[in-house]
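Quick notes on the structure that follows.
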Amino acid sequence: MKIASWNVNSLKVRLPQLTQWMAEAQPDIVALQETKLEDAKFPVDELAAAGYRAVFSGQKTYNGVAILTRGQAPTDVVTDIPGLDDPQRRILAATVGDLRVVDLYVVNGKAVGDPKYDYKLDWLAKVREFLAREHERHPNLVVLGDFNIAPDDRDVHDPVAWRDSVLCSVPERAALNAITGLGLHDSFRLFEQDAGHHSWWDYRQAAFRRNLGLRIDLILLGEALKGAARAAAIDRVPRQWERPSDHTPVTLDLDI
DNA sequence: ATGGTAGTAGAACTA
């Protein structure tokens, strides 16, 4: 089975690209971020026509997450972190067959020291507690999404320029390490050790053409699933299309 | 150099 994550930066704008990409890539599960759609406006019928069921947690203008599945319908859906009263729609957990899937749109944080940065670190700490409980209950855990953190310097086009800035700072990386420390493995690094592989490129300064990007979109696998991983990839093709998202899809092939 | 581009909205905020 193939699992994917894609920050589409407006599902309304990117729906044609999403359905085209799914028709070509044939993923079984797709986690979306930044849908920017109220639930009443989610394109349920269009995605059903493409062969996918959907669960979603959205809001107008900002944020919004969704999980699309082929075959079995997602069940046991959770849309909020227990103990965190947060109107921002950034987390969606669901059971899909034998897998527990948690889709995250991690807070960007704006800049180190900004109030949004403090919210990011607090949000990540609360997510870690939630994921610890999810992992205990569901060994076959997949946590994926836009983490808005580059795990280490290999994931950054210019580590010196980005040193200690938001998306790369030591406290953010510590928060991510606290999550991977639960036994959740960055699946891309099970297969690829080199630098220069990115999943997000700023719209400005021709960043994609120059490969000035970061790898911030991750698929984490629980210990029990690690041995089932067969291949991980970043599909740069949709980033080359007309009117692209600033993120491109990341994928994982699992032998289950 | 706090620029630049994109999405949502219809000005300013978020990324």
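Letters A, B, ... mirror the listed sequences (proteins, then strands); counts begin at 1.
As rounded to whole Å, 6 Å separates atom C1' of B:dG4 from atom CZ of A:Arg204. Taking atom CD on A:Gln205 and atom P on B:dG3, their separation rounds to 13 Å, with Å as the unit. Distance, A:Gln59 CD to B:dT14 P: 12 Å, rounded to whole Å. Nucleotide B:dT2 holds its P atom 18 Å from the CG atom of A:Asp114, rounded to whole Å. In this structure, CG of A:Asp217 is placed 15 Å from P of B:dA15, rounded to the nearest angstrom. In this structure, A:Asn9 places its CG atom 10 Å from C1' of B:dT8, rounding to the nearest Å. Here B:dG7 presents its C1' atom at 12 Å from CG of A:Asn7, a figure rounded to the nearest Å. Taking atom CG of residue A:Leu212 and atom P of nucleotide B:dG3, one finds them 20 Å apart after rounding to whole Å.
Paired with A:Ser199 under the rule side-chain hydrogen bond (donor to acceptor under 3.5 Å, both in side chains), one option of A:Asp246, A:Asp217, A:Asp235 passes, and it is A:Asp217.
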- Query: Please walk me through it: do A:Lys2 and A:Asp28 pass salt bridge (Lys or Arg N to Asp or Glu O under 4.0 Å)?
  - Reply: CA-CA 5 Å; A:Lys2 186 172 185 174; A:Asp28 297 286; over 6 Å; no
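Distances from the side chain of A:Tyr203 to the nucleotides B:dT8, B:dA15, B:dA6 place B:dA6 closest.
A:His197 pairs by the ring pair (Phe, Tyr, Trp, His ring centres under 6.0 Å) definition with A:Phe188, not counting sequence neighbours.
Toward the 5' end of DNA chain B, the nearer of the two residues A:Asp202 and A:Val107, judged by each one's closest nucleotide, is A:Asp202. Of the two residues near DNA chain B, A:Arg14 and A:Gly109, the one whose nearest nucleotide lies more 5' is A:Arg14.
In this structure, A:Ser245 does not reach the B:dA6 phosphate: none of its side-chain N or O atoms is under 4.0 Å from OP1 or OP2. Phosphate proximity of B:dC13 to A:Thr61: absent, as no side-chain N or O sits under 4.0 Å from OP1 or OP2. The phosphate of B:dT8 has neither OP1 nor OP2 within less than 4.0 Å of any side-chain N or O from A:Lys60. Here A:Arg239 does not reach the OP1 or OP2 of B:dA6: none of its side-chain N or O atoms lies under 4.0 Å away. Checking the phosphate oxygens (OP1, OP2) of B:dG7, a side-chain nitrogen or oxygen of A:Arg243 falls inside 4.0 Å.
Taking the six-membered ring where the residue is Trp, the centroids of A:Trp241 and A:Trp21 are separated by 6.0 Å or more.
Nucleotides B:dA11 and B:dA1 have their C1' atoms positioned 25 Å apart, rounded to a whole Å. Using P as the reference atom, B:dT5 and B:dA9 are 22 Å apart when rounded to the nearest Å. Taking atom P in both B:dT8 and B:dG3, one finds a spacing of 23 Å when rounded to whole Å.
Remark: the backbone N or O of A:Lys12 is not paired with any side-chain donor or acceptor of A:Arg14 at under 3.5 angstrom.
At a threshold of 4.0 angstrom between heavy atoms, the contacts of A:Tyr105 are confined to the sugar-phosphate backbone, with no base atom among them.
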